[in-house]
Number of protein chains: 4
Amino acid sequence: MMAKEDRQRAILECAKQLFAARGYHGTSIADIIKEAAVARATFYVYFNSKAAVFHALIDSALETIVSKLKPVLTGANVDRENVLRQLRVNLSHALGPLFSDPCLAKIFVSEVESVDDDATKKLKVFYGNLVTWLEESLEEGMSLGIVRKCNSRITAIAIVGMLRGIVLAISDDNHQLDFHEVVEEITANVAQGIII
Amino acid sequence: MMAKEDRQRAILECAKQLFAARGYHGTSIADIIKEAAVARATFYVYFNSKAAVFHALIDSALETIVSKLKPVLTGANVDRENVLRQLRVNLSHALGPLFSDPCLAKIFVSEVESVDDDATKKLKVFYGNLVTWLEESLEEGMSLGIVRKCNSRITAIAIVGMLRGIVLAISDDNHQLDFHEVVEEITANVAQGIII
Amino acid sequence: MMAKEDRQRAILECAKQLFAARGYHGTSIADIIKEAAVARATFYVYFNSKAAVFHALIDSALETIVSKLKPVLTGANVDRENVLRQLRVNLSHALGPLFSDPCLAKIFVSEVESVDDDATKKLKVFYGNLVTWLEESLEEGMSLGIVRKCNSRITAIAIVGMLRGIVLAISDDNHQLDFHEVVEEITANVAQGIII
Amino acid sequence: MMAKEDRQRAILECAKQLFAARGYHGTSIADIIKEAAVARATFYVYFNSKAAVFHALIDSALETIVSKLKPVLTGANVDRENVLRQLRVNLSHALGPLFSDPCLAKIFVSEVESVDDDATKKLKVFYGNLVTWLEESLEEGMSLGIVRKCNSRITAIAIVGMLRGIVLAISDDNHQLDFHEVVEEITANVAQGIII
DNA sequence: GATGAATGAGCATTCATTCAT
DNA sequence: TATGAATGAATGCTCATTCAT
């Protein structure tokens with residue numbers, strides 16, 4: 001007999017892997033319970049619906065990431081090197097969990113359509129907030145002379161897209177990216193651009 | 001009575017809008033034929049399956065974009081300005097059609113799961129090729145001293161992600177980005193990075 | 001191939017018999033389509049839900065009965081015999097269809113619980129209206145001196161119950177009541193009571 | 001800790017109210033145990049099944065009523081007044097418990113379909129017996145010259161229906177009938193009919 | 001070619017009941 | 001005795017696809 005929490009975790013874990021592998025719509029309750037080795041009704045003891053598992057996964061993913069993010073501190077005596085260091089830290093914290101769990105990464109970039117809206121909306125809101133926050137940071141950076149003059153909105157969107165691209169790559173089996181290299185490279189790109 | 005091609009095009013167009021708005025799984029054959037004002041069986045006169053319409057849309061989208069892309073020419077007498085100009089042109093050509101048709105943009109970044117593999121695979125292959133091509137270009141650029149030393153694979157992935165982010169933003173009603181600003185901004189980011 | 005209306009009627013008829021025999025909750029869609037010899041989805045071409053068939057049956061039953069009822073005319077020169085004749089006519093019209101279709105009778109007295117409320121409510125409203133109408137008729141009859149002084153509400157309820165009892169008996173295979181005798185007997189009971 | 005019998009009674013009482021309010025099929029075990037504040041498995045300690053509780057309720061209801069009924073005594077020196085008095089007494093005894101417990105009344109007239117046959121059959125048998133007994137009484141009454149010549153079967157069915165109608169009205173919140181008036185009225189109807 | 005009726009495989013969900021403690 | 005976790009059979013319903021005209 002399993003502890004109650006373990007059971008829930010097992011279902012969650014199986015669902016995560018299946019959703020990551022076959023997508024939300026490609027995964028049936030039958031698949032999940034077979035993988036988790038529980039009876040049909042048992043699934044519903046722990047989750048009210050298929051959508052509910054997905055919600056839980058999204059929530060957990062967001063929680064995992066968001067809790068790690070720290071605001072970038074700036075001020076009088078904050079130089080370029082300092083900002084880049086903070087950037088590196090945030091990137092490491094954000095990407096770390098995704099690197100160690102490709103399924104989480106997959107869920108994170110999944111654009112699941114037509115699930116009970118809430119779930120997708122949560123992710124959308126997250127990315128939207130990320131963009132807004134970056135936008136404001138860029139504005140502040142410009143006023144401090146740390147950031148070159150740019151269209152902050154477009155740039156923010158581009159950076160978030162860049163990160164999503166990385167996460168998508170992580171979630172793909174064959175890319176095999178190295179965590180530290182990624183962090184360094186992203187930082188460098190942001191810092192220097194690509195073309196000399 | 002409609003000409004045969006018009007009928008097909010009508011179905012395709014309606015399907016595109018519906019897929020863009022509600023997603024592949026959120027759109028039923030019933031939705032499509034209602035919108036296109038054709039009978040159920042008529043749909044199957046023109047397309048073998050729901051997946052087939054999606055395939056056709058993907059194909060058309062890819063064709064539209066790919067045909068516009070030109071290889072970036074480099075050589076002895078190619079300077080930084082020249083390369084950036086070519087980059088701008090390619091970006092304009094690639095993003096142009098997507099800007100004028102947000103539904104196309106949506107399809108383009110859609111990560112539809114569990115459609116008969118082929119469709120998703122085509123998009124994946126496209127993005128994969130894009131990454132590979134960029135990777136090679138970066139390598140070449142490095143050897144020519146035009147590109148700073150970097151991990152070409154990661155950087156390529158990041159850039160493609162950046163573009164995807166932009167396209168995703170285009171496909172979203174509320175972002176309202178300006179075409180030329182976007183092209184300039186992306187170019188600038190690639191050229192200079194963000195942090196001074 | 002069946003005409004469209006025939007198909008619907010066939011389903012309706014089978015559903016009626018099954019509902020009458022096993023009750024609403026004791027009848028599954030599987031039962032209905034097996035009896036009607038149609039495919040599962042075909043059922044849903046004609047009815048939106050299991051409850052919808054029941055609604056249709058109730059509606060049809062009520063329509064059948066209600067359309068036959070005529071208001072009892074009274075006035076200066078209306079004597080006891082005349083009123084009783086009108087009563088007989090109404091009884092005949094109301095009970096006739098139920099006598100010729102025991103399943104209809106069964107549906108008519110069925111007190112189906114927890115179907116999408118509407119259906120049950122319709123029947124309840126019908127019986128409620130019947131009671132109210134009878135109540136008013138009794139009141140009028142009293143003021144005309146045709147009806148003995150009585151509690152019109154209780155009496156109305158009792159009469160409607162009497163009728164329901166008859167209909168229930170009709171719907172039972174083994175009672176084998178004679179239509180004309182029933183009409184006469186009810187009229188006589190109303191007219192004379194039972195105990196001398 | 002509750003005494004064993006109290007537990008059982010509590011479950012029974014809650015079930016009765018729920019069945020009366022939402023019907024048998026509209027009431028789940030979950031509803032019952034929540035209302036009775038007992039654990040799921042505890043329910044099955046006291047009752048073997050959902051149907052069993054219903055059986056018990058029917059049994060108790062029938063017991064309550066049947067035990068009160070007294071045979072109507074007739075004989076040489078029994079006049080009309082005497083018979084009516086006995087009728088009144090029986091009615092009072094039968095309707096009394098139902099008036100004081102509308103839920104009991106509801107159960108009593110419930111025509112629950114597709115419960116494990118036994119329960120419904122018991123009620124059916126009860127009503128059948130009632131009809132038969134009335135039928136015989138009417139026959140006897142006729143031979144004694146107390147009852148007018150009538151079709152005893154139909155009349156018996158009608159009278160039982162009348163009573164059922166009253167009980168149904170009792171079980172409905174909004175009717176608010178007065179016990180004594182009902183008894184008087186029924187007696188009067190039986191004695192005199194309605195139309196003068 | 002054009003149509004709409006017909007189809008069945010598939011799915012999420014419910015619920016009375018049993019098991020292990 | 002009392003419990004709550006676990007269960008699987010059953011059910012209503014959907015939807016892409018095919019058939020007959």
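Residue numbers start from 1 in every chain, and the chains themselves are labelled A, B, ... in the order their sequence lines are given, proteins ahead of strands.
Side-chain contact between D:V109 and D:L123 is absent, with no heavy atoms from C-beta onward closer than 4.5 Å.
A donor-acceptor distance shorter than 3.5 angstrom exists from the side chain of B:D31 to the backbone of B:S28, with no hydrogens or angles considered.
Between the CZ atom of D:F54 and the P atom of E:dA16 there is a distance of 14 Å, given to the nearest Å. Look at CG on D:L18: it is 12 Å from P on E:dA16, rounded to the nearest Å. Put simply, NZ on C:K34 is 17 Å from P on E:dT7, counting in whole angstrom units. Nucleotide E:dG1 holds its P atom 12 Å from the CZ atom of B:R7, rounded to whole Å. Between A:Q8 atom CD and F:dG4 atom C1' there is a gap of 15 Å when expressed in whole angstrom units. Rounded to an integer number of Å, the gap from CZ of A:R9 to P of F:dA5 is 16 Å.
For B:K121, the salt bridge (charged side-chain N to carboxylate O under 4.0 Å, His left out) criterion is met by no residue, not counting sequence neighbours.
The residue C:Y46 sits close only to the backbone: its heavy atoms come under 4.0 Å of sugar-phosphate atoms, none of a base.
Cation-pi geometry between C:K50 and C:Y24 is met: the NZ or CZ atom falls under 6.0 Å from the ring centre, inside 45° of the normal.
Listed nucleotides: F:dA2, F:dA6, E:dT7. Nearest to the side chain of C:A39: E:dT7.
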Pairing pattern in dot-bracket form [Watson-Crick, G-U; both distances under 3.5 Å; | = partner strand] for DNA chain E: .||||||||||||||||||||

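Between A:K106 and B:E111 a salt bridge is recorded (basic side-chain N to carboxylate O distance below 4.0 Å).
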Show, in sequence, the C-alpha distance, side-chain angles and deciding distance for B:D172 and A:K124, and conclude whether the side-chain contact (heavy atoms from CB on, under 4.5 Å) test is met. CA-CA 11 Å; B:D172 241 4; A:K124 229 175 177 175; 3.7 Å; yes

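Between D:F47 and D:F54, a ring centre-to-centre spacing not shorter than 6.0 Å is recorded.
The 12-atom threshold is exceeded at CG of A:D59, counting heavy atoms of other residues, nucleotides or ligands nearer than 6.0 Å.
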Give me, pair by pair, the N or O atoms of the protein and of nucleotides 11-15 of chain F that are less than 3.5 Å apart, along with how far apart they are.
unit_1, atom_1, unit_2, atom_2, d
F:dG12, OP1, C:K50, NZ, 3.1
F:dG12, OP2, C:I29, N, 3.0
F:dG12, N7, C:R40, NH2, 3.1
F:dC13, OP2, C:Y44, OH, 3.0
F:dC13, OP2, C:K50, N, 3.0
F:dC13, N4, C:R40, NE, 2.1

